[in-house]
Amino acid sequence: MVFMQKVDYKQESPTRFIFYSKTQKNQAHIVDLIEGECSCQQYQFRILPYIKRELIDPDDASARCKHIVWARELLTNQIIEQLRENEWK
């Protein structure tokens, strides 16, 4: 499990996030939750080849880098907050 830490990000749309690197200046990782993809090296070079070879399912938790996990967590928190505000039960 990846625990959410303080991250610098921008949300371009409900399902598209940009996470700015803490270690490398001027580098960012783009997450598209609809496509289920991230531009980071972990995803592009370690996870995506397994998905393309059908060794892991793209919807499986093992197909997510930390940026995808963070984006999903942020979006889930937003949805829960909206439900609370609307007192949805």
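Because only heavy atoms are used, hydrogens play no part in the values below, and waters and symmetry mates are left out as well, while side chains stay in.
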Among Lys66, His67, Gln42, find the one that has a side-chain contact (heavy atoms from CB on, under 4.5 Å) with His29. His67
Within this structure, what is the [atom1]-[atom2] distance for the pair [X] and [Y], rounded to the nearest 0.5 Å?
X     : Y     : atom1 : atom2 : answer
Asp60 : Tyr50 : CG    : OH    : 13.5 Å
Leu48 : Cys40 : CG    : SG    : 10.5 Å
Asn26 : Tyr20 : CG    : OH    : 11.0 Å
Ile47 : Gln44 : CD1   : CD    : 9.5 Å
Glu73 : Asn77 : CD    : CG    : 4.5 Å

Side-chain contact test, heavy atoms from C-beta onward, threshold under 4.5 Å: evaluate it for Gln78 versus Gln11 and give yes or no.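 In contact.
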Ring centroid separation Tyr9 to Trp70 under 6.0 Å: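 When the ring centroids of Tyr9 and Trp70 are compared, they turn out to be at least 6.0 Å apart.
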Do [X] and [Y] sit in one hydrophobic cluster, given that two such residues count as connected whenever their side-chain heavy atoms are within less than 4.5 Å of each other, even indirectly?
X     : Y     : result
Ile51 : Ile68 : yes
Leu75 : Leu83 : yes
Phe17 : Val7  : yes
Val31 : Ile79 : yes
Ile56 : Tyr43 : yes

Flag, side chain of Thr15 to backbone of Ile34, donor-acceptor distance under 3.5 Å: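 Looks like no, no N/O pair under 3.5 Å.
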Check for a donor-acceptor pair, side chain of Arg64 on one end and backbone N or O of Glu37 on the other, with a separation under 3.5 Å.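 It does not hold such a pair.
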For the student: nearest non-hydrogen atoms of Cys38 and Cys65, plus distance: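 Looking at all heavy atoms of both residues, the shortest contact is CB-SG, 3.5 Å.
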Least distance between heavy atoms, Lys6 atom then Lys22 atom: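 Heavy-atom minimum between the residues: O-NZ, 2.7 Å.
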Is it true that, when you exclude Gln41 itself, more than 12 heavy atoms of the residues, nucleotides or ligands shown sit nearer than 6.0 Å to its CD?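 Atom CD in Gln41 is not crowded, with 12 or fewer foreign heavy atoms closer than 6.0 Å.
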